Amino acid sequence: MAMGMRARESVNMSEDLTQAIAPYATALHDASLQSHCSSCFHRIPAQSPHDMSCTMCGSVRYCCSDCLISDCEVHSSSGECCFFVKHLREASPSTLTEETSDIRAALRLLYSLETRGLVSSDSVSSSNRIGGLSASGIREVLEEGGEIAEGVLEGSLLMLSARKSRMKNYVGLSNGLTIEKVALWAVMTNSVEVQISEEQSLGIAVYGPSFSWFNHSCCPSASYRFVLVPQNEGCTSNKPESCVVPVSKGAAPDAWHAWQNEEAGFAHAQCKYGPRVVVRCTKPINKGDEVFITYIDLLQTRCDARNLKSPHNAVTDPAIEDLDNNLQQAISEYSFLDDSKACCDVIESMLSENLMNDLQQEELSPRKYILHPLHHISVSSFMILASAYRCSAFKSSTDNLHGENCDFIFRMTKAAAAYSIVLAGATHHLFLSECSFVTLLSHFLLSTGQSILDFAECIKGETRKNMPEAIFSFASCSTNSAKHDSVRYNQFRSTCEKFGKPLLSLSLQCWPFLAQGLPCLEKIKNPIDFSWLGPAIFQAFQLSEEDSFNLSGKHAPATLIEQQKECILSLAVCCITYSKYLARSKSFLFVTLGRLEESSSDWAVKIFDLNNGAKVYSRIKEYYLHFAKMADEYDRSSYRRSGADDEEGGYNKTNTGDYGRSGDDYGRDTGLFNESGNDDNESGYKNTNTDEYGSTGSYNKSNTDDLTGGFNKSGTDDYSGGGGYNKSGADDYSSSGGYSKSGTDNYSGSGGYNKSGNNDYSGSGGGYNKSSAGDYGSEYKDSSTGDYGRGDEYKKSSSDDYDGGYKKSSSNDDGYGGSGYSKPSTGDYDSGKNASNTDGYGGSGYNKSSTDNSESGYNKSGTGEYGSGGGYNKSSTDNYESGYNKSGTGDYGSGGGYDKSDAGDYTGGYNKSSTDEYATGRGKTSSDDY
Ligand SMILES: C[S@@+](CC[C@H](N)C(=O)[O-])C[C@H]1O[C@@H](n2cnc3c(N)ncnc32)[C@H](O)[C@@H]1O
């Protein structure tokens, strides 16, 4: 029996599908326990007058007495407090370094379910669920043995010992399972990394069915974000009720019981302050369609290897895996040595040997496999290079405050800008065929804009501090997210194409100059339009004659002529405006918008005065106005929701006219529609009086309702009983609007869930397992396609940020604008393969999760020796004011990737975050039944 979620009404892109959902249980990562509140997840200010901690264990802290009061019962009664005391007292030094958030979340989950009467041994044994959450695959994992099984066994014993003193009765299950093992496994397969803003993942959270029943797809139709209460209450979703309803294959009374319990708001009551999650669609979704989120890094799923003998086929090959492993190893070694330039050299030499130059020529070569620039190894190399070059420039500029090293800095910032452009171009290319890449694109565009501005600054040869700058604001680009919640998809796409054109032509003009001297990039003929790779690659744009001329490489301007300076700045403006447009129109409300709105509500772009400032300024401003107008036109043609908006067209609702609830959208999708009460006229669906979405639980409908295309009930369906949406085993949702599979998913064939492409859910651990290349079964192999194998390691949270790389914490301005390849501490690809924050790399650099075993590849030492703040540390004297700024406290420490030594720290290096969700497994096992 498998659960999923589907839309109960048609929705346009960028609408919240759920309310802000409260968690069943949360646990901060070990690394955040001292810096953040264990109840609300807010950072505890350095000298907080309200700071308090648990007097028994001293391991958890709270920001205020409300938080302490609301959390103390679960902390102590779940056994977490006891766990800390025992663990710290009895554990061996090596076990102490293991991340404990999974175990603590499982303790809290069990307590929370037990107090609500949602745990019974019978139901857990028979349904492989606990509290409605899937725990499928646990038996197989334990039978197979190996590291994951060991982790579950050891963790459950620690849980048992922590709970013993408080347990009323011991709950044993059949086949040697215990309730602790099941709870721990449920955490491993259902929890998500909580990432707020640009910070590293703070911890994990397990949500009830209303979130945990969303399945995974590589072409997801929704993403999710986290909101903290109470400070961020204003950011929570205004959605009055959920737009999604569960769908199940097979009856599951206990699952429905859990669903009803959650609907009744018990989770909200119990977890008063924990991080809420809101699911938002990223594409238009039809009524009845299943809604998918992604648990994994989308870049890894798209950017495949190419078989030259058969250009249309993606391949995985041992040679490709070796290359990936070597690359990751180089990254970690050089990160360790704090030598970003050496790291760049090694990666570039490996990459340029293997990067495709020209498909036609390569076809003639004896070599069979080659990386094209969109291969995920290439893409991750670009991310690392963009970031490491920036870091190198930054380091050099701070080490040489008097500008002795101008030439070096010039080359470093130029390379950083060039790699950023190709990264933005690659993501843009992917975005054109799959709009789920929108978040990544927005982030990479922003990073690119920032890198180019760094370079522009360097061209001028002065530090930012002393530079006259012109600031103009994007006032007309309002960032009122509510206004943009509902957008016309086609218009959105067409505006994106409009942005694509100047992006292409400006990049082409700058490209020969920027790529010059960089062998890998010289091979890339066009960093935005990859049609030069051959017909298999989607042709995105029509080139003008001028662009074609540039592309032909017939003229390669070696010197930076005035026109190019202007072009470079215009490109920065284009990237930043485009980024802003994407962020706003998608109302991400997380990483990107947060970053753009960082210091003021009116976001400003700094344009630097070049040789003939006034002229350049006015040209750039022209560009700006052009781009802003483009975005604005789009705004005007979007829907308007209230009388206040009427000056700009759209559909106006008058004071006297009653078009339904004040919050109704007008013109969403069809342009002019009225929505009253609970009717939805958009697709002809009428909600009759007798329809009932939720008083007794899930989806109840009357006999006479016809939900054409949506939830059609068959003769054998039974909506009665527990009030949920129960369907009998015989129902088939596959054809007419029921349980619809996504394009790439294949539920047919042998009856189960068949993976598409190179994704493999069938591995040992119930996680999201990648194909051949990565097998975590017995040892950790970091391969090209990524391995989500055991069900809980490769996690990242929804606001993942690939932008820059070597990254510092959000409060600082390091010139990466808080970007960088951010990902949370347990799943960290910072500079390649990452281990969890228990590995001693501080959550950065080369991190692996606690269960990873790197025996065959890169082995980390016992306690790790990268210090607290991650890999690449900067020295204490660095001053990043002119670019990479560190915070006053100089603390990038806890989770950082490419950190500089002493006080400087780029916290989190190559971090990734919430849109990419490796969500603690969230994988499916071979035993899952679809
Ligand atoms: C967070 S749960 C999602 C809800 C789950 N289907 C259920 O029945 O509760 C994660 C588990 O769902 C399954 N799953 C998620 N996405 C899937 C997909 N696209 N196809 C098949 N199984 C999937 C896997 O078993 C995975 O471990």
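For this chain, numbers begin at 1 and follow the sequence in order. Note that the structure is a prediction, hence the values are computed from the model and not measured. Every number for a ligand or one of its atoms is a count from 1 in the order of the listing.
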Exercise. What atoms of ligand 1 come within less than 4.0 Å of a heavy atom belonging to F214?
Worked result: 3 (C)
Exercise. Taking only residues two or more places apart in sequence or in another chain, which ones pass side-chain contact (heavy atoms from CB on, under 4.5 Å) with L153?
Worked result: L142, K181
Exercise. Is there a donor-acceptor pair closer than 3.5 Å between any side-chain N or O of D16 and the backbone N or O of V278?
Worked result: no
For this session: Using a strict 4.0 Å cut-off to heavy atoms of N190, name the atoms of ligand 1 that fall inside it.
Result: 1 (C), 2 (S)
Problem set entry | Heteroatom proximity flag, M3 to ligand 1, N/O under 3.5 Å | yes
Exercise. Is there a donor-acceptor contact under 3.5 Å linking the side chains of R116 and S112?
Worked result: yes
For this session: Would you mind checking if R280 and E15 are paired as a salt bridge, meaning a charged N to carboxylate O distance below 4.0 Å?
Result: no
Exercise. Looking at ligand 1, does G4 have a heavy atom less than 4.0 Å from it?
Worked result: no
Exercise. Closer than 4.0 angstrom: is that true for some heavy atom of S212 and an atom of ligand 1?
Worked result: yes
Seminar exercise, completed: Quick note on ligand 1: atoms under 4.0 Å from a heavy atom of R129 include exactly 7 (C), 8 (O), 9 (O)
Exercise. Counting N and O atoms only, with roles assigned by atom type, does the side chain of S212 sit under 3.5 Å from a partner on the main chain of Y207, one being a donor and the other an acceptor?
Worked result: yes
Exercise. What atoms of ligand 1 come within less than 4.0 Å of a heavy atom belonging to T189?
Worked result: 1 (C), 10 (C)
Exercise. Do any nitrogen or oxygen atoms of N215 lie less than 3.5 angstrom from nitrogen or oxygen atoms of ligand 1?
Worked result: yes
Exercise. Got a sec, which residues hit side chain to side chain donor-acceptor pair (under 3.5 Å) with T427, two or more places apart in sequence or on another chain?
Worked result: none
Problem set entry | SB check R104 D30 (cutoff 4.0 Å) | yes
Seminar exercise, completed: Within 4.0 Å of some non-hydrogen atom of A2, the atoms of ligand 1 are 8 (O)
